[in-house]
Each structure stands twice: as C-alpha cells, then as structure tokens.
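Excluded from the calculations below are hydrogen atoms, water molecules and symmetry mates; all remaining heavy atoms, backbone and side chain alike, are included.
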Amino acid sequence: PGECMLRIRLKRVGKKGHPSYRIVVADSRAPRDGAYVEWIGNYDPMVDPPAINYKEDRAIAWLQKGAQPSDPVRRILVRDGVFEKVKPE
C-alpha cells in the first residue's frame with residue numbers, strides 16, 4: 001500500500017465542550033483519535049494563555065526522522081523556535 005508517513009498532530013481528549021489535546025506522533029492514515037506511535041505532549045486551549053507542554057527533544061528527534069507536523073502543531077513549534085534546532089540529517 002501507500003507509504004507510511006508520520007505526522008506530529010493533535011489527538012483530541014477531554015470532555016465535550018472542554019477540549020484538550022495530546023500532541024502525538026501518528027501514522028498519517030490513522031484516524032484523528034486513533035492509534036499513535038508516541039505521545040510527546042499536551043495542549044490545553046481552554047486556559048488563558050493556552051497551556052502547551054511537550055518534550056522538545058522528542059519533537060526534534062521526530063522532525064529529524066521526517067515526521068511532518070500538522071498546521072496547529074507547526075504553529076506551536078514555530079512559536080517555540082523548535083524548527084531552528086532541527087538539523088537536517
């Protein structure tokens with residue numbers, strides 16, 4: 001079948017009307033809330049300012065292995081300057 005592409009993306013958890021997300025590395029073909037390879041952090045948009053914590057070293061490691069971030073995750077990583085730390089192999 002198609003090439004398995006890894007994405008760093010948000011997986012929704014939390015109650016109805018109070019979403020929070022896990023930042024996970026998942027196969028691009030897996031459903032949004034389905035199986036994932038590694039859970040690297042959390043994102044809670046309901047607090048002000050939004051609470052974001054994740055393992056920066058794991059995010060960098062996955063990016064170096066070619067994982068593609070989703071748009072919201074890309075914004076988080078750009079805001080924290082993670083892309084500057086990724087050295088292409």
Side-chain angles (χ1 to χ4, degrees):
E3 175 65 27
C4 164
M5 232 229 348
L6 289 171
R7 303 223 29 163
I8 302 174
R9 64 182 186 196
L10 300 176
K11 169 185 167 86
R12 187 181 160 137
V13 291
K15 297 195 275 303
K16 187 163 69 174
H18 191 103
S20 66
Y21 299 89
R22 288 179 180 168
I23 301 171
V24 300
V25 179
D27 183 334
S28 58
R29 295 167 302 189
R32 179 193 73 179
D33 298 336
Y36 57 87
V37 182
E38 185 182 351
W39 172 15
I40 61 172
N42 295 307
Y43 167 53
D44 183 358
M46 300 304 278
V47 293
D48 192 26
I52 302 167
N53 52 17
Y54 58 94
K55 300 184 199 117
E56 194 174 285
D57 57 327
R58 297 306 299 145
I60 292 168
W62 281 109
L63 289 167
Q64 285 173 333
K65 289 178 191 159
Q68 293 298 311
S70 65
D71 289 341
V73 172
R74 179 180 292 276
R75 282 195 293 273
I76 291 167
L77 298 177
V78 165
R79 188 204 69 172
D80 293 343
V82 170
F83 281 110
E84 284 86 88
K85 298 176 188 159
V86 175
K87 293 163 193 69
E89 287 186 351

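Within the structure, the side-chain hydrogen bond (donor to acceptor under 3.5 Å, both in side chains) test picks out the following pairs touching residues 43-55 (sequence neighbours left out): Y54-D80.
Considering all non-hydrogen atoms of both residues, R7 and S70 come closest at NH2-CA, 3.2 Å. What you find for D27 and R9 is that their closest heavy atoms are O-NH2, 3.6 Å. Residue Y21 comes nearest to P19 through the heavy atom pair OH-CB, 3.8 Å, listed as atom of the first residue, atom of the second, then distance. Between A59 and L77, the shortest heavy-atom distance links the atoms CB-CD2, 4.3 Å. Of all non-hydrogen atoms in A35 and A26, the two that sit nearest each other are O-CB, 3.9 Å.
Scored by the side-chain hydrogen bond (donor to acceptor under 3.5 Å, both in side chains) test, Y36 finds no partners at all (sequence neighbours excluded). R79 is linked by a side-chain contact (heavy atoms from CB on, under 4.5 Å) to I52, counting only residues two or more places apart in sequence or in another chain. Checked against side-chain hydrogen bond (donor to acceptor under 3.5 Å, both in side chains), R58 has the following partners two or more places apart in sequence or in another chain: E38. Considering only residues two or more places apart in sequence or on other chains, R74 meets the side-chain contact (heavy atoms from CB on, under 4.5 Å) condition with Q68, P69, V78, F83.
In the hydrophobic clustering of ILVMFWY residues, with side-chain heavy atoms under 4.5 Å counting as a link, V73 and V24 come out apart. Taken together through direct or relayed side-chain contacts under 4.5 Å among Ile, Leu, Val, Met, Phe, Trp and Tyr, I23 and W39 form parts of separate hydrophobic clusters.
If you take CD1 on I40 and CH2 on W62, they are separated by 9.0 Å, rounding to the nearest 0.5 Å.
When each of V47, V13, N42 is paired with S20, the side chain to side chain contact (heavy atoms under 4.5 Å, CB included) condition holds for V13 and for no other.
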